[in-house]
Amino acid sequence: MNTDEQHQSRLARVKIDDSWKLPLADFLLGDTMQNLRIFLAEAQQDQQIVYPPNAQIFRALNDTPLDQVKAVILGQDPYHGVGQANGLSFSVNKGIDLPPSLRNIYHELRTDLGISPPVHGDLSKWAEQGVLLLNSVLTVEQAKPTSHQKQGWEQFTDAVIDVINEHRQSVVFILWGAYAQRKGQRIDSNKHLVLKAAHPSPLSANRGGFFGCKVFSKTNHYLNAQGITPIDWQLDA
């Protein structure tokens, strides 16, 4: 098997939607991703409980193929509580109590668009419409926030942002909080719309700058102006 065939074989084993594989191939086949695999394998050997489950680590990319990306909501780390993280930033499965940040997001959704929030926290409907719900770090150890930072995930999600920046046009990047805004410095604001506000966590949101940011209506106004179908932000009851 020659080198190209080896690369194709390795890429075929990566459980990411095909639309992302070729643009991300250099990273997926590189040393940083290999080191990430080793890190996660060692965590498993050490019997760490890691969230989200393995099958959902790349869920954001699988639920929102590259050619369908209209908007990006950038989070930081997955939720670290039992049963919370499901691979989509800020989202939890139905039946899981709403985290405080998501409650604040729903509050802003109501005041911005008059949408009554559901009792669940499943944001998959947004993902299916082209909202990439991407965390900057894709895994975390149970009850240990930020525990998987600086292991390579940040470089991976930088590569994802670069791919969107290069291959897509007129995408809305919703950047809540200083961390996301620093990561968003690599976005070409001449090609895309960048919306910034405070983080929706209670500590940040209550200081001001999140409530009233109107990112949902601003996103749809921009998409409409570009001739792109807007997002239906209403979630099923």
Side-chain angles (χ1 to χ4, degrees), residues 11 14-25 27-28 33 51-79 84-94 99 101-102 105-106 109 115 118 120-140 153-176 180 183-184 186-188 191-195 200 215-216 218-220 222-224 226-236:
L11 276 178
V14 179
K15 296 179 180 179
I16 296 178
D17 184 86
D18 286 345
S19 65
W20 295 100
K21 279 188 181 181
L22 187 58
L24 291 170
F27 192 96
L28 294 173
M33 182 56 76
Y51 298 132
N54 283 346
Q56 295 182 329
I57 290 175
F58 295 110
R59 183 181 173 189
L61 302 181
N62 291 329
D63 281 12
T64 310
L66 174 60
D67 59 356
Q68 296 179 23
V69 174
K70 298 178 182 179
V72 179
I73 296 180
L74 188 62
Q76 188 166 347
D77 291 84
Y79 296 124
Q84 288 183 309
N86 66 8
L88 303 177
S89 62
F90 297 103
S91 176
V92 293
N93 292 332
K94 292 178 180 178
S101 293
L102 187 53
I105 290 170
Y106 282 175
L109 188 62
I115 291 175
H120 66 79
D122 180 8
L123 304 182
S124 57
K125 182 182 176 184
W126 294 358
E128 291 162 3
Q129 294 180 80
V131 182
L132 182 66
L133 298 168
L134 182 69
N135 280 316
S136 299
V137 176
L138 299 191
T139 58
V140 69
W153 282 130
E154 294 90 344
Q155 293 94 315
F156 174 72
T157 49
D158 279 348
V160 171
I161 291 172
D162 289 345
V163 164
I164 298 169
N165 196 33
E166 178 181 353
H167 292 273
R168 298 289 291 154
Q169 184 76 32
S170 304
V171 171
V172 182
F173 288 85
I174 298 172
L175 307 179
W176 288 325
K183 200 171 182 71
R186 56 203 307 118
I187 300 164
D188 183 353
K191 288 178 63 179
H192 308 287
L193 176 65
V194 178
L195 299 176
V215 295
F216 304 105
K218 289 176 180 177
T219 294
N220 279 355
Y222 176 80
L223 294 176
N224 270 319
Q226 304 302 314
I228 300 169
T229 303
I231 307 300
D232 177 10
W233 296 105
Q234 176 73 62
L235 294 164
D236 298 331

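The figures here come from the full heavy-atom set of this structure, side chains too, leaving out hydrogens, waters and symmetry mates.
Taken from OG in S91 to CG in L133, the straight-line distance is 7.0 Å, to the nearest 0.5 Å. Once rounded to the nearest 0.5 Å, the distance linking CG of L193 with OH of Y222 reads 5.5 Å. With rounding to the nearest 0.5 angstrom, the CD1 atom of I228 is 7.5 Å from the NZ atom of K70. One distance of note links CD of Q76 with CZ of F90; it measures 9.0 Å at 0.5 Å rounding. Atom CG of N86 and atom CG of D122 lie 6.5 Å apart (nearest 0.5 Å). Atom CG in D162 sits 11.5 Å away from atom CG in D188 (nearest 0.5 Å).
Under the 30°/60° scheme for interplanar angles, the aromatic rings of W126 and F216 are found to be tilted.
Judged by distance alone, the side chain of K125 and the main-chain N or O of D236 form no donor-acceptor pair under 3.5 Å. Of the possible donor and acceptor atoms, none in the side chain of S89 sits under 3.5 Å from a partner among the backbone N and O of L74. Side chain of K15 to main chain of I57: no donor-acceptor pair is present (N/O by atom type, distance under 3.5 Å, no hydrogens or angles). Of the possible donor and acceptor atoms, one in the side chain of K21 sits under 3.5 Å from a partner among the backbone N and O of L11. Within the 3.5 Å criterion, the main-chain N or O of G75 finds a donor-acceptor partner in the side chain of S136. A distance-only check finds no donor-acceptor pair linking the side chain of R186 to the backbone of I161 [under 3.5 Å]. Proximity of a side-chain donor or acceptor of W20 to a complementary backbone N or O of L61 within less than 3.5 Å is detected.
The ring pair (Phe, Tyr, Trp, His ring centres under 6.0 Å) search around Y51 returns none, not counting sequence neighbours. In this structure S19 satisfies the side chain to side chain contact (heavy atoms under 4.5 Å, CB included) test together with D17, P65, L66, sequence neighbours excluded. Partners of K218 according to the salt bridge (Lys or Arg N to Asp or Glu O under 4.0 Å) rule, which considers only residues two or more places apart in sequence or in another chain, do not exist here. The salt bridge (Lys or Arg N to Asp or Glu O under 4.0 Å) search around D67 returns none, not counting sequence neighbours. Under the rule for a ring pair (Phe, Tyr, Trp, His ring centres under 6.0 Å), the partners of F27 that lie at least two apart in sequence or sit in another chain are F156.
In the displayed structure, D232 atom CG is contacted under 6.0 Å by more than 12 heavy atoms of other residues, nucleotides or ligands.
Contact between H192 and S170 at its shortest, heavy atoms only, is ND1-N, 3.5 Å. Looking at every heavy atom in both residues, R168 comes nearest to Q68 through NH2-C, 4.1 Å. Here the closest heavy-atom approach between residue G184 and residue L175 is recorded as CA-CD1, 3.8 Å. Closest approach of D77 and N135 over heavy atoms only: O-OD1, 3.6 Å. Between P230 and Q129, the shortest heavy-atom contact is O-OE1, 4.4 Å. In terms of heavy atoms, Y79 sits closest to V140 at O-CG1, 3.6 Å.
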Verify side chain to side chain contact (heavy atoms under 4.5 Å, CB included) between I73 and I105, making sure each step is shown before the conclusion.
CA-CA 11 Å; I73 296 180; I105 290 170; over 6 Å; no
Verdict with supporting geometry, Q169 and Q226, side chain to side chain contact (heavy atoms under 4.5 Å, CB included):
CA-CA 10 Å; Q169 184 76 32; Q226 304 302 314; over 6 Å; no
Is there a side chain to side chain contact (heavy atoms under 4.5 Å, CB included) between L102 and L123? Walk through the geometry before answering.
CA-CA 10 Å; L102 187 53; L123 304 182; 4.1 Å; yes
Run the side chain to side chain contact (heavy atoms under 4.5 Å, CB included) check on N220 and I231 step by step: do they pass?
CA-CA 6 Å; N220 279 355; I231 307 300; 3.7 Å; yes
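Sorted by first then second residue, the salt bridge (Lys or Arg N to Asp or Glu O under 4.0 Å) pairs that include residues 55-64, not counting sequence neighbours, are R59-D63.
Here the rule is side chain to side chain contact (heavy atoms under 4.5 Å, CB included) with V72, and of I164, I174, V194 only I164 fits it.
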